[in-house]
Amino acid sequence: LLKALAMNPRFDAAYLNLGVTYNKLGEYQNAVSALTKATELRKDWVIGINELGVAFRQMNNFKEAVRQFERAVN
């Protein structure tokens, strides 16, 4: 995924998959960075927004997690 992003820094799916991978590895700050970029590139991407909420929840940032989950639901 990092190689794909080096080749194309606007590859939104690579950022999403990287963020999901970081979430699974417990690297939540890296997940937030990758998922933020994915959702900047694709504004209403519900999967990315939800995963971003998961990352914030795991970091005990409940206020931001709720904001992202509400955004995903809406």
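Nothing fancy with the numbering, it's 1 onward along the sequence. What's counted below: heavy atoms across the whole structure, side chains too, no hydrogens, waters or symmetry copies.
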### Query
So which heavy atom on Ala6 is nearest to which on Pro9, and how close?
O-CD, 4.5 Å
#### Entry: Joint cluster assignment, Ile49 & Val20, ILVMFWY side-chain distance < 4.5 Å
no
#### Entry: Inter-residue atom distance Arg42.CZ - Lys37.NZ, 0.5 Å rounding
15.0 Å
### Query
Between Ala4 and Ala14, which heavy-atom pair has the shortest distance, and what is it?
CB-CB, 4.5 Å
### Nearest heavy atoms of Val32 and Met59, plus distance in Å
CG2-SD, 3.8 Å
### Sub-4.5 Å side-chain heavy-atom contact between Asn23 and Tyr28
yes
### Message
Please check this pair: side chain of Tyr15 against backbone of Thr36, looking for a donor-acceptor N/O pair closer than 3.5 Å.
### Response
no
### Task
Taking all non-hydrogen atoms of both residues into account, name the closest pair between Ala31 and Ala55 and its distance.
CB-CB, 4.1 Å
Pair up each side-chain donor or acceptor in residues 66-74 with any protein partner under 3.5 Å, not counting sequence neighbours, and list the distances.
from  : atom 1 : to    : atom 2 : distance (Å)
Arg67 : NE     : Glu64 : OE1    : 3.2
Arg67 : NE     : Glu64 : OE2    : 3.0
Arg67 : NH2    : Glu64 : OE2    : 2.9
Gln68 : OE1    : Arg71 : NH1    : 2.9
Gln68 : NE2    : Glu64 : OE2    : 2.7
Arg71 : NH2    : Lys43 : O      : 3.2
Asn74 : ND2    : Glu70 : O      : 3.1

### Main-chain N/O of Ala13 paired with Asn17 side-chain donor or acceptor, under 3.5 Å
yes
### Query
Taking all non-hydrogen atoms of both residues, which atom of Gly48 and which atom of Leu35 are closest, and how far apart?
O-CD2, 4.2 Å
### Query
Crowded around Asp44 CG? As in, over 12 foreign heavy atoms under 6.0 Å?
no
### Met7 with Leu16, same ILVMFWY side-chain cluster at under 4.5 Å
no
### Task
Please check if Phe56 and Ile47 belong to a single hydrophobic cluster, counting links between Ile, Leu, Val, Met, Phe, Trp and Tyr side chain heavy atoms closer than 4.5 Å.
yes
### Message
Side-chain heavy atoms nearer than 4.5 Å, only ILVMFWY residues, links allowed to pass through others: does that put Leu5 and Tyr22 together?
### Response
yes
